[in-house]
S.K.: 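Quick one: this structure, given as structure tokens, is what I'll be asking you about.
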Amino acid sequence: MVRVRLENVTKVFRGGVEAVRDLNLEVKDGEFMVLLGPSGCGKTTTLLMIAGVYKPTRGYIYFDDQVVNDLEPKDRNIGMVFQSYALYPHMTVYENIAFPLRLKKLPKEEIDRRVREVASMLKIENLLDRRPSQLSGGQQQRVALARAIVKRPGLFLMDEPLSNLDAKIRVEVRAELKRLQRELGITTIYVTHDQAEAMSLADRIAVMNEGRLQQVGTPDELYYHPANVFVASFIGAPAANLIDADIVEVGGSVFMEALGMRFQLPSDLAQVLRGASKVVFMVRPEDVRLSPGKGFTVFSVEWLGRESFVHVQAPDGKLLRVTLPPDRHVSVGGEVSVSFNYKRVHFYRPSGELIV
Amino acid sequence: MVKVRTILLYLVAVVVAAVPLVPLGLLFALALSEHPVYVRGLTLANFEFLKTGVLFPGDPHRSKIYPNVYTAAANTLLLALGNMALVTLISSMAGYVISRYSFRGRSALLGTFLVIHGVPASVMLVALYYLLKATGLLNTLLGVVLVKMAVDLPLGVWVLKGFYDGIPWDTEIAALVDGTSRFGAFFRVMLPLVSPGIFSIALFSFLSGWGEFIFVYTFIQSSTNWTLSMLIQSLFASEMGGINLALIAALSVFYLVPVLVLFVVGEKYLVRVTIGGVKG
């Protein structure tokens with residue numbers, strides 16, 4: 001299996017559009033790496049450069065220490081799955097799956113054996129004689145997967161393959177994909193804009209925005225230690241609260257002025273933040289505690305069964321997102337006081353970088 | 001109880017159908033007529049020329065003026081096939097390149113195609129005459145084929161480009177990743193997927209070449225290079241002492257039959273071309 005490394009990769013399109021800027025990334029052998037980011041962030045462009053469809057304007061791409069910048073897609077030994085499945089409409093399912101093997105000029109018996117093997121792995125043996133137009137979305141997806149797997153590639157590239165599926169099927173296929181990848185052990189690079197999908201599938205996630213890499217890490221690392229404001233707001237649903245705050249020092253103690261109130265900061269945080277003035281305060285909805293008291297008003301409550309999603313209004317009018325366990329009940333209009341789990345919060349500079 | 005609307009629709013349909021059908025009917029009737037000018041009786045005598053291809057076999061003087069019908073038919077076939085082959089070949093490749101690649105002058109090229117397509121052929125006759133004369137292609141079928149091809153290419157490229165545009169980029173990338181070269185992707189995946197478009201253009205350009213008259217009239221002088229359209233026209237023009245309409249009609253039927261057959265067989269493909277290359 002293949003180890004992929006991108007070194008200072010930049011892609012500028014005709015017209016001056018910088019789709020990818022100075023990307024440095026390493027994907028380990030057998031790893032499931034997800035490229036995550038909003039539309040237009042450069043993740044699909046990066047994927048296509050790894051596939052060989054686009055050539056980097058600057059920088060190098062390595063497969064196992066070999067520079068592959070000028071290598072044709074057909075020589076890269078990759079399997080690719082697309083959001084649109086991209087099956088060949090004029091061929092049957094069997095011929096679609098057999099296509100890469102036919103191009104390798106393998107003997108007919110070998111092709112037949114491998115096609116049937118992969119078809120049974122993905123449970124589509126009974127569809128081999130049909131045409132793509134006669135299949136459902138989920139079935140087409142499996143055929144696309146089969147076609148990618150059958151050539152036993154060193155690298156899987158997937159471009160939002162689940163986006164066109166129904167929500168219910170998506171969750172099932174997601175689990176199957178993960179299991180399959182573990183079983184086959186093939187290095188996989190997966191592109192998506194859905195952070196929940198990324199969190200559930202990835203060994204590591206690379207978050208991108210506007211062509212630049214924001215942070216690389218395990219889902220855990222990204223969730224609990226986001227490196228900047230963008231990652232903090234992008235990962236996690238409901239989204240984390242990002243509040244503009246001022247740090248003031250009064251009588252030896254450090255306070256945070258935010259939401260129209262003043263909060264005293266614990267000593268470890270105080271130490272780090274003592275010199276700062278304007279910051280962005282980040283706290284996840286589950287790290288906000290509501291207790292009977294004054295200061296905040298309950299603005300809305302959505303009971304979701306497993307938890308309650310509550311908006312509370314601060315004295316300065318801003319809304320704070322809070323999730324409560326199912327047994328806690330608050331009513332709209334009620335008064336609460338708010339406290340934070342300071343072990344899990346983060347502070348960022350106004351420009352976005354992490355302070356603590 | 002039949003609705004009034006249905007009756008009205010059928011009436012309109014009958015009237016509309018009558019417009020091309022009446023002249024066609026007259027043509028067939030004339031071809032089978034015993035009298036040279038009016039429709040009277042029923043005979044196959046006018047189709048005598050089918051046996052040997054010689055018109056006016058009984059008249060030694062006249063039979064030398066006109067070329068053999070089969071020679072003219074062969075020329076017509078050559079013109080049609082040549083046009084079809086060249087237009088299809090070039091359009092299928094040019095359409096692909098214009099659809100997929102961005103290059104300097106692409107929009108200018110497309111605009112030029114549109115303009116050329118809009119210019120009537122007759123406007124260019126004088127210039128083309130001199131061009132063919134200078135290249136030594138005057139009075140040759142090849143010259144006419146090339147001119148016809150040039151006139152038909154803009155439409156061919158537009159239609160096929162439209163078909164190529166309809167194939168998602170992903171399908172091509174999938175082929176490249178699966179192991180084809182750029183050429184391989186073109187031949188194994190793109191061409192089969194635009195084959196309806198190619199059939200349409202092939203049919204269209206064949207019929208276009210088959211029915212060509214004005215270029216043949218202008219650029220071809222020797223009667224051995226005449227096509228059937230020229231032959232029919234010359235019968236009108238040079239018959240002194242009486243026109244044999246029935247014979248002309250019979251010849252026209254002979255000329256028309258392949259067109260009718262192709263129209264019936266390839267109707268759905270031709271409709272695609274005229275609608276402007278919209279897929280499906």
Side-chain angles (χ1 to χ4, degrees), chain A residues 13-15 44-45 47-54 71-91 95-106 131-133 140 143-161 164, chain B residues 88 92-93 95-110 159-202 268-269 272 277-280:
Chain A
F13 283 110
R14 190 190 291 261
T44 302
T45 310
L47 196 75
L48 288 175
M49 281 197 282
I50 300 174
V53 176
Y54 290 149
L71 201 59
E72 289 290 310
K74 64 182 174 77
D75 299 320
R76 294 195 185 202
N77 196 24
I78 49 181
M80 200 156 172
V81 182
F82 301 86
Q83 181 178 2
S84 62
Y85 322 128
L87 299 177
Y88 307 119
H90 59 297
M91 301 187 199
E95 287 161 359
N96 261 276
I97 304 176
F99 189 65
L101 300 179
R102 282 228 178 90
L103 291 173
K104 281 204 204 247
K105 303 212 170 65
L106 291 181
R131 301 237 156 185
S133 53
Q140 287 187 38
V143 177
L145 265 170
R147 184 179 62 180
I149 296 177
V150 79
K151 57 205 281 236
R152 308 220 182 109
L155 180 64
F156 269 146
L157 299 176
M158 305 202 193
D159 192 353
E160 309 208 42
N164 280 4
Chain B
T88 314
S92 60
M93 295 189 287
Y96 174 70
V97 172
I98 294 181
S99 167
R100 287 311 194 220
Y101 289 84
S102 76
F103 49 91
R104 227 179 2 184
R106 179 174 177 264
S107 39
L109 189 67
L110 281 174
V159 168
L160 246 22
K161 171 186 171 303
F163 273 87
Y164 283 118
D165 284 344
I167 302 179
W169 197 187
D170 280 354
T171 314
E172 230 176 310
I173 301 182
L176 288 177
V177 164
D178 278 346
T180 64
S181 58
R182 220 70 226 231
F183 271 122
F186 178 65
F187 280 114
R188 288 178 199 257
V189 176
M190 301 301 276
L191 274 185
L193 286 176
V194 297
S195 56
I198 294 186
F199 281 138
S200 312
I201 289 299
K268 77 169 167 170
Y269 291 111
R272 286 182 205 222
V278 174
K279 198 175 71 153

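As a basis for the values below, the full set of heavy atoms in this structure was taken, side chains included, without hydrogen atoms, waters or symmetry mates. Proteins get letters first, then strands, A, B, ... in listed order; numbering begins at 1 in each.
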S.K.: About how many Å separate CE of A:Met80 and CG of B:Asp170, when rounded to the nearest 0.5 Å?
M.R.: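 Answer rounded to 0.5 Å: 7.5 Å.
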
S.K.: Closest approach of A:His90 and B:Arg188, non-hydrogen atoms and distance?
M.R.: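 Minimum heavy-atom contact is NE2-O, 3.3 Å.
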
S.K.: Under 6.0 Å from the CZ atom of A:Phe13, do we count more than 12 heavy atoms belonging to anything else shown?
M.R.: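 Yes, because the 6.0 Å sphere around CZ of A:Phe13 holds more than 12 heavy atoms from other groups.
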
S.K.: Looking at chain B, which one of A:Ala148, A:Pro73, A:Gly79, A:Gly52 has the largest number of heavy-atom pairs inside 4.5 Å, strictly under?
M.R.: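 Looking at each option in turn, the highest pair count goes to A:Pro73.
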
S.K.: If you look at every heavy atom in B:Ala174 and A:Ala86, which pair is closest and at what distance?
M.R.: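 Result for this residue pair: CB-O, 3.9 Å.
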
S.K.: Only heavy atoms, only distances under 4.5 angstrom. Which residues in residues 177-186 of chain B are near chain A?
M.R.: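 At a heavy-atom separation under 4.5 Å, chain A is reached by B:Val177, B:Asp178, B:Gly179, B:Thr180, B:Ser181.
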
S.K.: Return the OH to CD distance between A:Tyr88 and B:Glu172, rounded to the nearest 0.5 Å.
M.R.: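 One finds 10.0 Å between OH of A:Tyr88 and CD of B:Glu172.
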
S.K.: Side chain from CB out, backbone as N, CA, C, O: work out which of these in A:Leu101 comes under 4.5 Å of a heavy atom of chain B, or both, or neither.
M.R.: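 Interface part for A:Leu101: neither.
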
